[in-house]
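Take a look at the structure set out below.
The basis for the numbers below is simple: all heavy atoms, side chains too, and nothing from hydrogens, waters or symmetry mates. One-based numbering along the sequence shown.
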Amino acid sequence: MKTILLGSAFAAGALTFSLSAEAAGRLNVVCSADNAWCELMEAEFEKKYDIDVSMVRKSSGEAYAQVRAEASNPKLDIWWAGTGDPHLQAAAEGLTMEYKSPSLDNLQDWAKRQAENANFRTVGVYAGALGIGYNSDLLKSKGLPAPKCWKDLANPAYKGEIQVANPNSSGTSYTALATLVQLFGEEEAFKFLKDMHRNVNQYTKSGSAPIKAAAIGETTIAITFMHDMVTQKEQGAPIEIVSPCEGTGYEVGSMSIIKGARNLENAKTWYEFALSAEAQSMAEKAGSYQVPSNKNATVPENAPRLTDIKLIDYDFAKYGSADTRRHLLSRWDEEVKTAPQ
């Protein structure tokens, strides 16, 4: 038997659990965080445990699609990070397995609620709010007004200036879609999305791609999570971050063990590592500025504080359901994506 001291218990007292000798070997991970954070987690985990990690990076929507496609013959053991809605959808469809971590009491309430909403088939690992980011140099040179609200993005002055991800592949963009529906009601939200569509120059695959494009001057305005904007700003890009005046939605980035995982004990080892204060405090090293779920983890100094942002009462249960997702994405495909520009 091998006893492992969990980093998440450092401040709360020593918490140990036993794993069988199966803990040595392999682990197949799909990571839906930014590449740098995925790579850091893989390197630090392999350094700490005698487990060889095979990792692939996919956006939340793509990861969910893979987990669903492989349901009868899973190739993955664990899905780490990415927006929580697809994790909830996978849980509702029985694609992930119930696991109650001994570290739950060390987590923020919003992270525990995520687990409870999914009957413990997923758990929150970080949180982050949506926003509007813009390249201040480009905005000034083009003589454009600074956006302050969601509705501003329908202004014809922004034609060809906005970039946002495709909600079919991007959990970030699905969260934005669900946020707008909750803010304005479905009919008004889709009218706004069709109006904004005239100003969109590209629907990217990845949720963080638009702000990276804004950082290097390929687009003026981006819709993504604020912590991804902080990453670019910290690297010296002329990015300004806007919390929309109407209010905004947020994500609970999550983690799930795949039902039928071939390396189950190793998946549980990753699960506990990823919930530990030790692992979550490393995020800033990878340029990630989300709010960690472990109460004892170090919050990056420049991480957007959720308490300072006008957040909506995001309905994770409803918008994390497969039926709601299919309905909204189908309507987006039919009415927004194909609309004339």
Side-chain angles (χ1 to χ4, degrees), residues 32 59-65 67-68 79 81-98 107-131 150-151 164-194 196 207 223-226 243-244 246-256 259 290-291 293 306 309-337:
S32 296
S59 63
S60 302
E62 292 177 304
Y64 166 67
V67 170
R68 197 172 186 216
W79 175 11
T83 52
D85 289 340
H87 282 270
L88 289 172
Q89 290 149 24
E93 293 176 17
L95 301 174
T96 52
M97 65 167 281
E98 180 180 332
L107 304 185
Q108 300 286 351
D109 288 343
W110 45 262
K112 288 190 282 189
R113 279 197 301 272
Q114 184 78 345
E116 291 161 1
N117 285 339
N119 293 318
F120 301 95
R121 292 176 182 268
T122 194
V123 69
V125 289
Y126 59 77
L130 279 169
W150 290 117
K151 289 291 185 74
V164 61
N166 185 315
N168 288 284
S169 62
S170 163
T172 302
S173 197
Y174 176 76
T175 303
L177 173 57
T179 292
L180 294 169
V181 170
Q182 289 172 82
L183 270 172
F184 304 132
E186 187 170 327
E187 296 308 316
E188 188 179 345
F190 273 89
K191 180 183 182 303
F192 163 71
L193 286 165
K194 284 182 277 190
M196 186 182 75
I223 299 171
T224 188
F225 286 114
M226 293 183 193
S243 179
E246 302 98 334
T248 193
Y250 64 103
E251 68 165 335
V252 175
S254 299
M255 171 173 59
S256 308
K259 186 177 181 180
Q290 289 92 328
V291 176
S293 66
L306 300 184
I309 298 167
K310 185 180 178 182
L311 296 176
I312 66 170
D313 185 15
Y314 195 102
D315 190 340
F316 290 97
K318 179 177 180 178
Y319 293 92
S321 75
D323 287 345
T324 302
R325 175 186 171 86
R326 278 193 293 268
H327 167 69
L328 292 180
L329 290 179
S330 176
R331 188 166 182 184
W332 187 87
D333 284 339
E334 292 172 5
E335 298 183 28
V336 180
K337 185 180 178 182

Keeping [X] on the side-chain end and [Y] on the backbone end, is there a donor-acceptor pair under 3.5 Å?
X: Thr122; Y: Met255; value: yes
X: Glu246; Y: Trp150; value: yes
X: Ser330; Y: His327; value: no
X: Thr96; Y: Arg121; value: yes
X: Ser173; Y: Ala165; value: yes
X: His87; Y: Ala81; value: yes
X: Ser59; Y: Ser169; value: yes
X: Tyr126; Y: Ser254; value: no
X: Ser170; Y: Thr172; value: yes
X: Ser293; Y: Gly124; value: yes

Side chain proximity check, [X] to [Y], heavy atoms < 4.5 angstrom:
X: Asp85; Y: Thr324; result: no
X: Tyr174; Y: Thr83; result: no
X: Leu328; Y: Tyr319; result: yes
X: Gln108; Y: Val291; result: no
X: Phe184; Y: Leu193; result: no
X: Asn168; Y: Trp332; result: yes
X: Phe190; Y: Val181; result: yes

Say you draw a straight line from [atom1] of [X] to [atom2] of [Y]; how long is it, rounded to the nearest 0.5 Å?
X: Leu95; Y: Met97; atom1: CG; atom2: CE; answer: 13.5 Å
X: Leu306; Y: Trp110; atom1: CG; atom2: CH2; answer: 7.5 Å
X: Asp315; Y: Ser321; atom1: CG; atom2: OG; answer: 9.0 Å
X: Leu130; Y: Tyr314; atom1: CG; atom2: OH; answer: 8.0 Å
X: Asn117; Y: Lys318; atom1: CG; atom2: NZ; answer: 15.0 Å

Q: May I ask you to check whether over 12 heavy atoms, not counting those of Lys112, lie within 6.0 Å of atom NZ?
A: yes
Q) Around Lys194, counting heavy atoms of other residues, nucleotides and ligands shown, do more than 12 lie under 6.0 Å from its NZ? A) yes
For the student: nearest non-hydrogen atoms of [X] and [Y], plus distance:
X: Ala118; Y: Leu88; result: CB-CD2, 3.8 Å
X: Asn119; Y: Glu98; result: O-CG, 3.5 Å
X: Pro86; Y: Tyr64; result: O-CD1, 3.7 Å
X: Ala322; Y: Glu93; result: CB-OE2, 3.2 Å
X: Trp79; Y: Ser32; result: NE1-OG, 3.1 Å

**Q.** Intermediate values then yes/no, side chain to side chain contact (heavy atoms under 4.5 Å, CB included), Leu311 and Thr248
**A.** CA-CA 5 Å; Leu311 296 176; Thr248 193; 4.0 Å; yes
Q | Pairing of Lys151 and Glu188 as salt bridge, 4.0 angstrom limit | A | yes
Q: Give the intermediate values and the outcome of side chain to side chain contact (heavy atoms under 4.5 Å, CB included) for residues Arg113 and Val252.
A: CA-CA 10 Å; Arg113 279 197 301 272; Val252 175; over 6 Å; no
Q: Answer yes if the side chains of Thr175 and Glu251 hold a donor-acceptor pair under 3.5 Å, and no otherwise.
A: no
Q.
Checking Arg331 against Glu186 for the side chain to side chain contact (heavy atoms under 4.5 Å, CB included) test, could you report, in this order, the C-alpha distance in whole Å, the side-chain angles of both residues, the deciding distance, and whether it holds?
A. CA-CA 10 Å; Arg331 188 166 182 184; Glu186 187 170 327; 2.8 Å; yes
